[in-house]
Amino acid sequence: MTDRVNTDLPQQLSPTDWHTLTPGQVEQMLQTGRGGLAQEEARQRLMKYGFNRLAPPKKRGPLLRFLLQFHNLLLYVMMGAAVITASLGYWIDTGVLMMAVVLNAIIGFIQEGKAESALDAIRDMLSPHATVIRDGQHHDIDAGDLVPGDMVALVSGDRVPADLRLINVRDLRIEEAALTGESLPVEKNTETAEPDTPLGDRYGMAYSGTLVIYGKAVGVVVATGAQTELGKINQMLSEIRNLATPLLRKVDYFARQLAFFILGLSALTFVLGTLWRGHSPQDMFMMVVALTASAIPEGLPAIMTVTLALGVRRMARRNAIVRLLPAVEALGSVTVICSDKTGTLTRNEMTVQRIICAEHRVNVEGVGYEPSGELCIDGRCITAAEYPELALAIRAGVLCNDARLLNEEGRWWVEGDPTEGALLVLGAKAGLTLNEPNENAWPRIDAIPFESQHRFMATYHCDSQQEPWIFVKGAPERILDMCRTQLGSNGEQELDVDYWRRMSNDMAAQGLRLLALACKRSAPQSDLLDHNDMESDFVMIALLGIMDPPREEAVQAVRECHRAGIRVKMITGDHVETARAIGEKLNIGVGKPALTGAEVAVMDDETLRNVAMEVDVFARAAPEHKLRLVQALQESGQVVAMTGDGVNDAPALKCADVGVAMGMKGTEAAKEASDMVLADDNFATIASAVREGRAVYDNLKKFILFMLPTNGGEVLVVIAAILFELTLPLTPAQVLWINMATSGTLGLALAFEPAERGIMDRRPRPPGEALLSGFFIWRVLMVSVIIMIGALGVFLWELNAGTSLEVARTMAVNIVVVCEVFYLFNSRFFLKSVLSREGLTGNRYILFAVAACIPLQLAYTYLPIMQTIFNSASLSLLEWGKVLAAGLLLFLLAELEKFIIRRTGLGKRLGLQ
């Protein structure tokens, strides 16, 4: 490669304004021509601008990434607990704790790989090959060798290898949904556009990573690698930091507060015991060890992982595949859902919904590609045969058509242009298809394919009487220019242009895409169709209104989200009129203005934060607009879920608290940037996942409300014994037995709790809400005190009655465990009574957990080896009666508290009813 470099070209080429320049101006700026660059010049430019590839991000080594997962205060507390258990010689407990620590670190290690995978997926979208014109010859080269100024030839099926300014176009249509969100292939031309034209409306440009659906073209490379629009998205992704979910943030804060409280309480107790009560430092150290062991919630990380994993399994049954465990709970805290339109809220299946004839307005029932649905006039079902002009319009749409309607195992789909597919479905609903009888009756003789400069398609047929027919379909204003008359019930009439324009405006205002149909009953001037045959003398038949209709289940899901206090916002790359119309059908943004990406671009961050909460429909949104909207909502204190399927959605998906990608039609870049993938591409699945997410969070809180009073009761017992110079009712080893052998076993059953009724009628919890509210703190203190009174009271009573220390301690341990068993049933519902069949038997895992706990406690009490290890002793039936009475007292008092709160209406004010 030569060292000489062309210095006339700039070092960096801006990809921003190429669409504003004519092909000639672009060629002049890039010093190229229709014969392309010389090979030597291309080599020089490759040295200057680099390869047409996206640079891989800097990665940390796997060992460093894994070690950093241990930098978490909750894990520090867990490891501290492991050190304590190891110092006491309980190696099994130490192993369990360290397994939980390592498991949490592994989960975090897996999560951190999502950003790198998303960037890898975007790089994989680049075309591996390109057909380039150099020295006047076509060459097939590695797309990575393309340079600015290269002439690239595109044909149907090609993936665009770089950003191109089109200079020669023939019937070119490009699928840009992955980049712009546009639901239909975009017709391309060579015309210039204004500087602020949205990406999806730059018809003279072809962008890297998009797919050529039809036609061919030649374009000049204006941007490669990181300078392409795809490269800009890649850069945005690499700059977005990973955000912790609300649960992780709250658990981290909770762990910090709890750790500081435990350490402070332990230090204070040690000082008071040694300086005030005169205990020896050695005795106080063992007491403080017992206190610390009783206070640390050893089971929290494990139960959190198990609860989230169960949520993942339940969501998978509802077609929501969760990639990252914390996303399960994050869904439950969502306050705003930003949804893409095409394929998520809508079916992504174009459907004819209205037919306007000269004298009739026909509504078409049924949605999607399945050919079922009635034709109705004023609510009355009709047949097409009753109205000759309607029947002819449907026939024209079926015959002037290159698509195919297919059925595979009950699934209907279209091969070809979606709009043409909608016409075939309409024909099938009316009983007219291109099956053999109809095809033979109206054979096609010739056709003029659709071309963007002419804006119509025409076909030439002969009917069963061998009479000639020319059918044409296209843009209404173009078809009207070709028509001299219109078809009514009594034949041809004078063309009423104002009527058709008025109908066009009405349907366009409803977000319908318009298509006009016309015919001419004469043969071409020659044997084949020519553009001269299309100039005039056509008969206007009908206007069709076509829309990608909303999913019926999405309408219900949006309603459910609104009832649950969740704002639903639609952010789409589609046109504003279409977005607004779909929004109204879904009850999104009704009566509110819709904003375009261009309007978002000129707003400063503060203005956008205010507007983002007020507006619910955003159209013509580019990737940077979607990202800014998500960030603005988060800065306003919202927990945001973002759905999408294209690479243009990837930055916003990664930035959102919960990124939701489409599994069926989504790009790999979108899936890798997301936290969750919808297997059915259905918005209703998100609503179901939100319900599951709320249930997961409820279950986590139920576990904490179950676990903390148990630990709290033990702490109060130990503190009371120290302050009042009593014999320690629980030894450190006995505390660890309670926490590891029974608390974890019993608490795990709460992870299987089904969602409480009315869970989707609650408002979303405030994003800043603490894991433990004031009410929950009260519940923890109340139950802790009851457990302390029961265990300490019976312990002292037995000692005063002359019972041995071993028996009294064994009773105290069993009272704590029995109180746990009874309180476990109380914990199933926050406020609802469990004194019913559903409350007592509705969660079979609680029954299994209790059944597993009973033999453990019997072994602890009666087995000689356990008596040796824990200094326990056998109990009599009377002593067991006292133990059970203490547990039953706690159960009844907890139910009484719930009853009082329900009757006073406090539950509704607390958001628990």
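In this structure the side chain of Pro418 reaches within 4.5 angstrom of the side chain of Tyr369, judged on heavy atoms. At least one side-chain heavy atom of Ile356 sits less than 4.5 Å from a side-chain heavy atom of Met507. Looking at heavy atoms from C-beta onward, Arg691 lies in side-chain contact with Ile759 at the 4.5 angstrom threshold. Looking at Leu629 and Leu608, their side chains come closer than 4.5 Å, going by heavy atoms from C-beta outward. Counting only heavy atoms from C-beta outward, the side chains of Arg361 and Ile377 never approach each other to under 4.5 Å. Between Glu349 and Trp413, the closest side-chain pair of non-hydrogen atoms is not below 4.5 Å. The shortest side-chain heavy-atom distance between Lys701 and Phe776 falls under the 4.5 Å cut-off.
Other residues, nucleotides and ligands place no more than 12 heavy atoms under 6.0 Å from the CD atom of Glu552. Residue Arg563 qualifies as enclosed at atom CZ: its count of foreign heavy atoms under 6.0 Å is above 12.
Residue Leu345 holds its CG atom at 6.5 Å from OG1 of Thr643, rounded to the nearest 0.5 Å. Here the CD1-NZ distance, from Ile571 to Lys341, works out to 14.0 Å after rounding to the nearest 0.5 Å.
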In sequence, state the C-alpha distance, the side-chain angles, and the governing distance for Ser504 and Leu543, and then conclude on side chain to side chain contact (heavy atoms under 4.5 Å, CB included).
CA-CA 8 Å; Ser504 297; Leu543 272 177; 3.3 Å; yes
Determine whether Glu553 and Asn682 satisfy the following criterion, side chain to side chain donor-acceptor pair (under 3.5 Å), listing intermediate values before the conclusion.
CA-CA 8 Å; Glu553 59 271 30; Asn682 192 342; 2.8 Å; yes
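Judged by distance alone, with hydrogens and angles left aside, the side-chain atoms of Ser836 form a donor-acceptor pair with the main-chain N or O of Gly839 at under 3.5 Å.
Taking the centre and axis of the six-membered ring of Phe830, the NZ or CZ atom of Lys702 falls inside the cone set by 45° and 6.0 Å.
Across all non-hydrogen atoms, the minimal contact from Met547 to Ala581 is CE-CB, 4.1 Å.
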